Amino acid sequence: MENNRLVTSVPQEKTAPHRSGFFGLLVNIVGMIAAICCIILGCIRLENNFYLYGGILLGVGLVGITAFSILLAGLKVLAPNQAYVFTLFGRYYGTLKTPGFFYLNPFVTANAPTVMNGEPVESVKTAANGASVTIRRSKKISLKTRTLVNRTQKVNDAMGNPIIIGSVVIWRVADPTAAVFAVENFEDYLSTQCDSTIRNIARLYPYDSMGDDPDEKTLRGSSSEVSEIMQQELAERVKDAGIVIEDVRITTLAYSDEIAAAMLQRQQATAIIAARQKIVEGAVGMVKMAIDQLSEEEVVVLDEERKAAMVSNLLVVLCGSKDAQPIVNSGSIY
């Protein structure tokens, strides 16, 4: 398991320096108005042949318009259960996880996974018509609890029988900084680790017990315990990527097609044997009760040979798979 641990250096998470977004918006609006006023006054001065003052005011206004337009990029809005991970000129700047309206350094860059399902975000093919469309992924990291439906896969159980197994994983991002910087794409990373974990755990247990050890853990009979083991191992694998595994449950479990018919016959045979055993136990009890009551109430006195014949006949009637055909004896039993 240690071979699967991440060794990537991830910066320690910290809160990005910020101010109220309303304060930043107010400053930018006032600055824009002041820059526009400078441009207007500069034009008036130029018309009155005050070229020096007019040129200065016009230059200040144009510079102000450009500067405050750039500063507007520092306004950020964050909804609940979302996070921003910022870098400034290639260095980690900080993380925002509190919902609200903020103003930050306008030169910071929000970071998010750059690929999705192994393809660049800018070129993802839709399943509807196969056309290539441009999808720009949000730079915000979702902190909501999400569900990963793991694809079904064919594996061999502890006895070497091929089985089909699938699962569902309930997970969330707890450390957005690690999720962005530790792996290329934390969703693809989680999916890959989930496949590997399920395959490794499924090979440790048989699909079903063969009857030798009733306390043996199996995939079918101990699904809750096996799911907990899967959850623990998967959580250990992905914790360095800032992901928390809340639950893992097996959703699909079946024998593979090539042995499904044979295993069905085995299960049917086991059920038939168990049913026959119950029938024989009940029949023996009924025969014993019948003989005891006949003897106690002295309805008829039977010697050992006739008791044996009676037991044989009753067992045939009670244990037979078909209805017995009664025969009425009108003469002596001797």
Side-chain angles (χ1 to χ4, degrees), residues 1 4 6 79-83 112-121 123-130 133 135-138 140-158 161-176 178-180 182-208 217-260:
M1 185 180 297
N4 295 318
L6 299 176
N81 287 324
Q82 289 183 337
T114 56
V115 297
M116 182 169 57
N117 298 326
E119 299 184 11
V121 176
S123 179
V124 179
K125 292 184 178 180
T126 59
N129 54 12
V133 296
I135 299 178
R136 297 195 178 276
R137 201 171 200 181
S138 173
K140 299 175 184 178
I141 307 298
S142 176
L143 304 181
K144 299 177 182 179
T145 299
R146 288 184 272 180
T147 302
L148 170 64
V149 180
N150 182 256
R151 61 182 179 84
T152 57
Q153 52 184 322
K154 182 186 292 186
V155 301
N156 292 331
D157 66 359
N161 298 320
I163 61 174
I164 303 297
I165 187 170
S167 67
V168 60
V169 179
I170 309 299
W171 64 284
R172 62 182 175 85
V173 175
D175 186 350
V180 170
V183 292
E184 183 72 17
N185 184 289
F186 59 86
E187 294 181 8
D188 289 344
Y189 178 77
L190 173 63
S191 179
T192 302
Q193 293 296 335
C194 182
D195 289 344
S196 176
T197 299
I198 291 176
R199 181 176 293 274
N200 290 338
I201 298 299
R203 289 187 296 187
L204 301 178
Y205 301 95
Y207 177 90
D208 202 358
K217 289 184 179 180
T218 62
L219 296 175
R220 188 177 69 89
S222 307
S223 59
S224 298
E225 292 86 344
V226 174
S227 296
E228 291 178 1
I229 295 173
M230 290 181 178
Q231 178 182 352
Q232 294 173 1
E233 179 168 339
L234 182 59
E236 183 67 21
R237 285 170 176 256
V238 301
K239 72 176 184 179
D240 289 337
I243 298 174
V244 173
I245 305 300
E246 297 186 349
D247 195 12
V248 176
R249 283 290 178 265
I250 296 175
T251 56
T252 302
L253 183 62
Y255 281 113
S256 185
D257 294 340
E258 53 265 30
I259 66 167

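The structure presented is a predicted model; accordingly, all values stated were derived computationally and were not measured. Only this structure's heavy atoms are used, side chains among them; waters, hydrogens and symmetry mates stay out. Starting from 1, each residue takes its place in the sequence as its number.
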- What one should report as the nearest heavy-atom pair of Val238 and Tyr189 is CG1-CE2, 4.0 Å
- Query: With no hydrogens and no angle check, is any side-chain donor or acceptor of Ser227 less than 3.5 Å from a backbone partner on Ser223?
  - Reply: yes
- Item | OG on Ser167 to CD1 on Ile201, rounded to 0.5 Å | 11.5 Å
- Item | Donor-acceptor under 3.5 Å (Asn200 side chain, Ser196 main chain) | yes
- Do you know the tightest heavy-atom contact between Lys144 and Arg172? O-CB, 3.7 Å
- Task: Let me see the working for Leu190 and Ile245 under side-chain contact (heavy atoms from CB on, under 4.5 Å), right down to the final yes or no.
- Result: CA-CA 10 Å; Leu190 173 63; Ile245 305 300; 3.8 Å; yes
- side-chain contact (heavy atoms from CB on, under 4.5 Å) between Gln231 and Asp247: does it pass, once the steps are laid out? CA-CA 6 Å; Gln231 178 182 352; Asp247 195 12; 3.9 Å; yes
- Separation between CG of Asp195 and CZ of Arg151, rounded to the nearest 0.5 Å: 4.0 Å
- Any idea which heavy atoms bring Cys194 and Val169 closest together, and the distance? SG-CG2, 3.5 Å
- Would Ile141 and Phe186 count as a side-chain contact (heavy atoms from CB on, under 4.5 Å) if you check the C-alpha gap in whole Å, the side-chain angles of each, and the deciding distance to 0.1 Å? CA-CA 11 Å; Ile141 307 298; Phe186 59 86; 4.3 Å; yes
- Task: In sequence, state the C-alpha distance, the side-chain angles, and the governing distance for Ile170 and Arg249, and then conclude on side-chain contact (heavy atoms from CB on, under 4.5 Å).
- Result: CA-CA 9 Å; Ile170 309 299; Arg249 283 290 178 265; over 6 Å; no
- What heavy-atom pair brings Met230 and Thr197 nearest, and what distance separates the two atoms? O-CG2, 3.7 Å
- When every non-hydrogen atom of Glu187 is compared with those of Trp171, the smallest separation belongs to CG-CH2, 4.1 Å
- Message: As an exercise, state the distance from CD1 of Ile165 to CD1 of Ile250, rounded to the nearest 0.5 Å.
- Response: 4.5 Å
- Message: As an exercise, state the distance from NZ of Lys217 to CD of Glu225, rounded to the nearest 0.5 Å.
- Response: 6.0 Å
- Task: Among Leu219, Ile163, Thr218, find the residue that satisfies the side-chain contact (heavy atoms from CB on, under 4.5 Å) test when tested with Pro206.
- Result: Thr218
- Item | Value rounded to 0.5 Å, distance of CD in Glu233 from CD in Gln193 | 9.0 Å
- Between Asp240 and Ala182, the two heavy atoms sitting closest are O-CB, 3.7 Å
